[in-house]
Amino acid sequence: MTKHTKDRIGIPSRKTSMNEPIVFWGANKMINVCRLICWTIVVSVVIQTAPQPLKGEEIHVQGRETLRSSLAGLNLGNVYLSVDTDDKYHGLIKERVILAFHRQGLKLDLEGPYKPGQPLLRLTVRPEPIEIGRPGKILYYRNIELSENVISERTPHIRAWAVTASFGFGDPIVSDNVTLERLERDADELVNGFIQDFLFANGKQEMEAEGGGKRR
């Protein structure tokens, strides 16, 4: 432990007189203990009286605006679905995604081409070969993102394209291989997580899966 560290934690770095150490340090310790007790009481009261999350994932903070999930009020019927995965399995993965939404009574926009500015839900479970430096290895991307046109308070006259909800992993992992089973499992987890958050944010109940019990 260096001298600098000792000084910061309260060990004196100079010599004191015979009458100084006990009285000086005892008084300071008592003051610090009293301060600690007072702050503990204040923090405890704040925690106990803090508002709890309400239905629809709303949180009311006294003196501030209501905080809501970015999925609250989202009209899925206007959201276009995009699946980014291995070309060989694209059809299979996309069908699983659509079925997952249908099982919860939810429908996405599956008609026609994508319209510019339309909300976009992109599922990514994509293996990508590493061609330089790591032969035989792949980068595996796993996430689901909702992108929309948004208006900020700073520039209310401008619409900006931005990601408003994101689940999964921002960075890829290095792997030897990714099987179809792995792609399906990761796609299910990402999509079901998005659906559960959407239902909760909009005050809806999750529908029961076949065989009883709510889907997890």
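In this text the structure is predicted, and so the values were computed from the model without any measurement.
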Engineer: Hey, could you give me each pair passing side-chain hydrogen bond (donor to acceptor under 3.5 Å, both in side chains) that has a residue in residues 83-94? Not counting sequence neighbours.
Structural biologist: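 Qualifying pairs: D84-R126, D86-K88.
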Engineer: Could you state whether L123 and L139 fall into the same hydrophobic cluster, counting links through intermediate Ile, Leu, Val, Met, Phe, Trp or Tyr residues with side-chain heavy atoms under 4.5 angstrom apart?
Structural biologist: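 Different clusters.
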Engineer: Roughly how far, to the nearest 0.5 Å, is the CD1 atom of I93 from the CG atom of L183?
Structural biologist: 5.5 Å
Engineer: Suppose we screen for side chain to side chain contact (heavy atoms under 4.5 Å, CB included). Which residues come up paired with L99, at least two apart in sequence or across chains?
Structural biologist: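 With neighbours one apart ignored, the set is E95, R103.
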Engineer: What's the separation between atom CD in E131 and atom CD1 in I138, rounded to the nearest 0.5 Å?
Structural biologist: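 With rounding to 0.5 Å, CD (E131) is 13.0 Å from CD1 (I138).
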Engineer: Who are the side chain to side chain contact (heavy atoms under 4.5 Å, CB included) partners of D188, not counting sequence neighbours?
Structural biologist: R96, N192
Engineer: For S70 and T164, indicate whether the former's side chain and the latter's backbone hold a donor-acceptor pair under 3.5 Å.
Structural biologist: yes
Engineer: On a heavy-atom basis, which atom in V79 and which in N75 lie closest, and how many Å separate them?
Structural biologist: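 For V79 and N75, the tightest heavy-atom pair comes out as CG2-O, 3.5 Å.
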Engineer: Any ring pair (Phe, Tyr, Trp, His ring centres under 6.0 Å) pairs touching residues 140-183, not counting sequence neighbours?
Structural biologist: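 Residue pairs with at least one partner in residues 140-183: F167-F194.
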Engineer: Rounded to the nearest 0.5 Å, how far does CG of L146 lie from CG of L120?
Structural biologist: 8.0 Å
Engineer: Look at the side-chain heavy atoms of Ile, Leu, Val, Met, Phe, Trp and Tyr, link any pair under 4.5 Å apart, and say whether V83 and L110 land in one connected group.
Structural biologist: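 Yes, V83 and L110 fall within the same hydrophobic cluster.
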Engineer: Measuring only between side-chain heavy atoms, which start at C-beta, is F200 closer than 4.5 Å to L71?
Structural biologist: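 A side-chain contact is absent here, since even the closest heavy-atom pair is not under 4.5 Å.
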Engineer: Taking side chain as C-beta onward, heavy atoms only, is R122 less than 4.5 Å from I144?
Structural biologist: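 They are not in side-chain contact.
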Engineer: How many angstroms lie between atom CG of N177 and atom CZ of R182, to the nearest 0.5 angstrom?
Structural biologist: 10.5 Å
Engineer: Hey, what else clusters with V163 if you join Ile, Leu, Val, Met, Phe, Trp, Tyr whenever side-chain heavy atoms sit under 4.5 Å?
Structural biologist: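 So far as hydrophobic clustering goes, V163 is joined with none.
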Engineer: Roughly how far, to the nearest 0.5 Å, is the CG atom of L76 from the CD atom of Q104?
Structural biologist: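 So the gap between those two atoms works out to 11.5 Å.
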Engineer: Evaluate the side-chain proximity of R142 to I173: yes if any heavy-atom separation is below 4.5 Å, no if none is.
Structural biologist: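 Yes; the side chains approach each other to less than 4.5 Å.
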Engineer: With rounding to the nearest 0.5 Å, note down the distance linking OH in Y80 to CG in L121.
Structural biologist: 12.0 Å
Engineer: Could I get the full list of side-chain hydrogen bond (donor to acceptor under 3.5 Å, both in side chains) partners for R185, not counting sequence neighbours?
Structural biologist: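 Here no residue qualifies.
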Engineer: Are L74 and V150 connected in a single hydrophobic cluster, I mean Ile/Leu/Val/Met/Phe/Trp/Tyr linked by side-chain heavy atoms less than 4.5 Å apart?
Structural biologist: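 In one cluster: no.
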Engineer: Which atom names give the shortest non-hydrogen contact between V125 and A187, and what distance separates them?
Structural biologist: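 Minimum heavy-atom separation between V125 and A187: CG1-N, 4.0 Å.
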Engineer: Within a strict 4.5 Å, meaning less than it, do heavy atoms of the P119 and D109 side chains meet?
Structural biologist: no
